[in-house]
Amino acid sequence: MGLCQSQQDYLQLVDTLNRHAHRYYVLDDPEIADAEYDQLYQTLLKTEEKHPHWITDISPSQRVADQPSDAFKQVQHKTPMLSLNNVFNETDMGAFYQRLVKRLEQADMHTDTIRFSAEPKFDGLALSLTYEHGRLVQGATRGDGQIGEDITHNVRTIASIPLQLLGDDIPDTLEIRGEVVMPKDGFERYNKSAEQRGDKTFANPRNAAAGSLRQLDPRITAQRPLEFYAYGIGLSNMTDHFDNHSQILNWLKSLAIPVHDSVTTLAGLSECVDYYQQLQTKRADLNIDIDGAVFKVDNLNLQNTLGFITKAPRWAIAYKFPAEEATTIIENIDVQVGRTGSITPVARLKPVTVGGVTVTNATLHNEDEIKRKDVRIGDTVFVRRAGDVIPEVVKVVKQKRPAGSQAFVMPTQCPVCGSDLYKPQDEAVWRCPAGLACDAQKKESIKHFASRKAMDIDGLGDKLVDQLIDAGLIDSAADLYHLTESQISGLERMGQKSAQNLLKAIKDSQQTTLPRFIYALGIREVGEATALTLANELKTIEAIEASSREELQQLPDIGPVVAQKIWAYFNNDANQQTIQALLDSGIRWPVIEQQDADNLPLKDVTIVLTGKLSQLTRSEAKQGLQKLGAQVTGSVSKNTDYVVAGTDAGSKLAKAESLSVEVVDEDWLMQQLSQQ
Ligand code: 5U1
């Protein structure tokens, strides 16, 4: 993060930032990623701090945001909507803490460790709600912090925002501040159906939330999945009733205003840093986008003492996550062949850091996506990398397209085996028809076979599978079980010890479970949950092979498409030979017997399911647990033995923790279910 060396550089930076802000707020068509904007803005702030006499009144630091659109009535906020100062690393977070300590000491208000309210920083649209005598009378955007846009008609369609507050102790006028977000699953669903209708799709959930709230017709907003999370209040005559900010948030909850479950209180710098790190780990599993953590001095007296600098409170800070989006240039477009023959175009990128990791490849999904986004070699593009998800190209910056660029043309032949590609009806992807005769599909299917949730062959990574096939040592998954130490140790980067370890892991994998084996076969549409259903319902591989499509369709959560895929797999001669070869090479699993009720492994065990599960539905989990003898109930009490907490688990998890009930995760659940 630099500093402007001359006043001319500074004025140029002001100009650049204003241009980007206009593209972002007014045109809804940014040219640079938020993180790049943030960096430029930090340079501006640092320069202005060093050279205050340079500050011009058109600097973005001299106003909070951009103009409200003319389409909505403008409204004056009763108290200004503030902004937050940002930090991007632990050192600056520490410096923030030290500034607090110093100021409080100077004011003779030193507390040993400062207590904070810790909250997620929601990546949505800021909203101010006004309630008069408990009734919602206004919803307004932030605008410039003083004057926002009246979007009451749209806000009234957000189901989680109460039109009437609950409780008796309600002030005459109450302003509530928070953020509107579109949950990630709702965003995916919305974009999919918009694409089918030929409507505009959104680049990310934040744009989707903002676009949905800025509709002139509230019936359109009503169809969008929006949520609101409060993080504070503006005008009220209630502040005397509270000592701490966290009490205010609890009070809001009691009025039926949504407050996010991750909000908590903590003490001192190290707990803030822990919270930030935990939130960052949880980030990918949350169903809403967040871009950091917010820490607010909890005590309202201390807040008053600390006060404000221009538009931001001194007592609060946003500790931002490394950006998930960045811009870079597409140097080439290749296609990759997946396990099931799907052809995926991949952008080869000029290396760029996204979310703290260097990214050189990003998926372009399929031909339709390339056409829709009009992605070309040489384009400057936005790349997004969220959590463990494969980086993707989100959007092209058309203004930066080099002259003479050509639209991308999908190849007509498999880049690995040369077979003619085909595009099945009703599918967006092209496919290579060669199956395991194509080296790419062979490699991918063996990688899947060896993976953790399948045969779990420790140490057999992607590179090693490539090496084994390229060296002609294996041609199928069954060949793994005939490898010798000298063959493996002869490979590049493989010594005797690592060869022995790998052989042991391969041998250990021979003793497996039927669900794992079915999953490892890599049948299309058969994930872990379906593999589990097949094993639990039909008990043997012979029974699965002998089932008709109609019989398969009778099984829980197996529809006609999946039934057809399973049936087709087992009624193919080559697949039959694969299974036989695997069994001949020594793979075994415990016989699944009809359990008698008294011997069930979870007899007399009471379990509560909460939060979202990723591998199976709640009803599948419930059925599976019941088959093992468990009682699955809806609420947590001291009689509960286990609470299975998926992602976004809410009050049941909190209750389990308060009653010291053992909390377990989805891995535990899958492990129990695999005993059936
Ligand atoms: N979670 C959270 N986000 N956020 C944004 N809290 C919070 N507080 C804010 C803002 C602008 O402002 C207050 C510190 C006034």
Side-chain angles (χ1 to χ4, degrees), residues 25 34 38 41 60-61 63-66 77-88 93 96-97 99-100 114-130 140-146 148 174-181 205-206 209-210 227-236 238-239 242 244-253 257-266 272 275-276 278-280 282-283 286 288-321:
Y25 289 110
D34 295 5
D38 276 347
Y41 192 66
S61 69
R63 62 173 174 185
V64 176
D66 234 294
H77 298 302
K78 293 183 173 53
T79 49
M81 284 185 82
L82 303 168
S83 56
L84 286 168
N85 286 323
N86 295 322
V87 289
F88 298 89
M93 180 65 202
F96 162 75
Y97 189 83
R99 281 198 299 278
L100 293 180
I114 302 171
R115 289 197 70 78
F116 291 93
S117 168
E119 305 158 13
K121 184 160 192 315
F122 307 102
D123 199 4
L125 189 82
L127 182 67
S128 180
L129 300 172
T130 307
T141 63
R142 181 161 180 271
D144 66 3
Q146 305 283 344
L174 173 62
E175 273 184 316
I176 297 172
R177 267 61 196 276
E179 199 112 354
V180 175
V181 292
R206 184 199 40 215
E227 289 175 2
F228 172 78
Y229 293 101
Y231 54 67
I233 57 176
L235 182 77
S236 85
M238 296 291 285
T239 33
F242 303 106
N244 298 317
H245 175 75
S246 49
Q247 290 171 339
I248 295 179
L249 294 184
N250 281 332
W251 172 64
L252 289 180
K253 260 199 237 180
I257 295 288
V259 174
H260 198 267
D261 286 341
S262 303
V263 171
T264 187
T265 52
L266 29 87
C272 290
Y275 178 87
Y276 169 86
Q278 279 166 21
L279 203 57
Q280 195 172 9
K282 261 180 36 184
R283 182 185 194 185
L286 289 179
I288 56 169
D289 267 347
I290 59 172
D291 59 355
V294 178
F295 299 103
K296 298 171 182 166
V297 172
D298 200 29
N299 184 289
L300 299 180
N301 255 336
L302 298 185
Q303 284 190 3
N304 271 334
T305 305
L306 290 160
F308 300 85
I309 344 163
T310 56
K311 306 146 305 199
R314 279 204 190 85
W315 40 265
I317 199 81
Y319 185 178
K320 301 277 281 281
F321 295 139

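When a ligand or atom number is given, it counts from 1 through the structure's own listing order. These numbers come from the heavy atoms of this one structure, side chains and all, not from hydrogens, waters or symmetry mates.
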**Report entry** Residue that, paired with Y229, satisfies side chain to side chain contact (heavy atoms under 4.5 Å, CB included) out of I290, V259, I288
**Finding:** I288
Can you list every pair where an N/O of ligand 1 is under 3.5 Å from an N/O on the protein?
unit_1, atom_1, unit_2, atom_2, d
ligand 1, 1 (N), E119, OE1, 3.0
ligand 1, 1 (N), P120, O, 2.9
ligand 1, 6 (N), E119, OE1, 3.0
ligand 1, 6 (N), K296, NZ, 2.9
ligand 1, 8 (N), K296, NZ, 3.2

Query raised in the report: Salt-bridged, R177 to E175, with N to O below 4.0 Å?
Result: yes
Report summary line: Residues passing the side-chain hydrogen bond (donor to acceptor under 3.5 Å, both in side chains) test with H77, sequence neighbours excluded, are none
Requested in this report: Any chance you could lay out the side chain to side chain contact (heavy atoms under 4.5 Å, CB included) test for T265 and F116, step after step, and finish with the verdict?
Outcome: CA-CA 6 Å; T265 52; F116 291 93; over 6 Å; no
Query - Partners passing salt bridge (charged side-chain N to carboxylate O under 4.0 Å, His left out) against E227 (at least two apart in sequence or in another chain) - result: none
Query raised in the report: Looking at residues at least two apart in the chain, or sitting in another chain, which of them share a side-chain hydrogen bond (donor to acceptor under 3.5 Å, both in side chains) with D123?
Result: R206
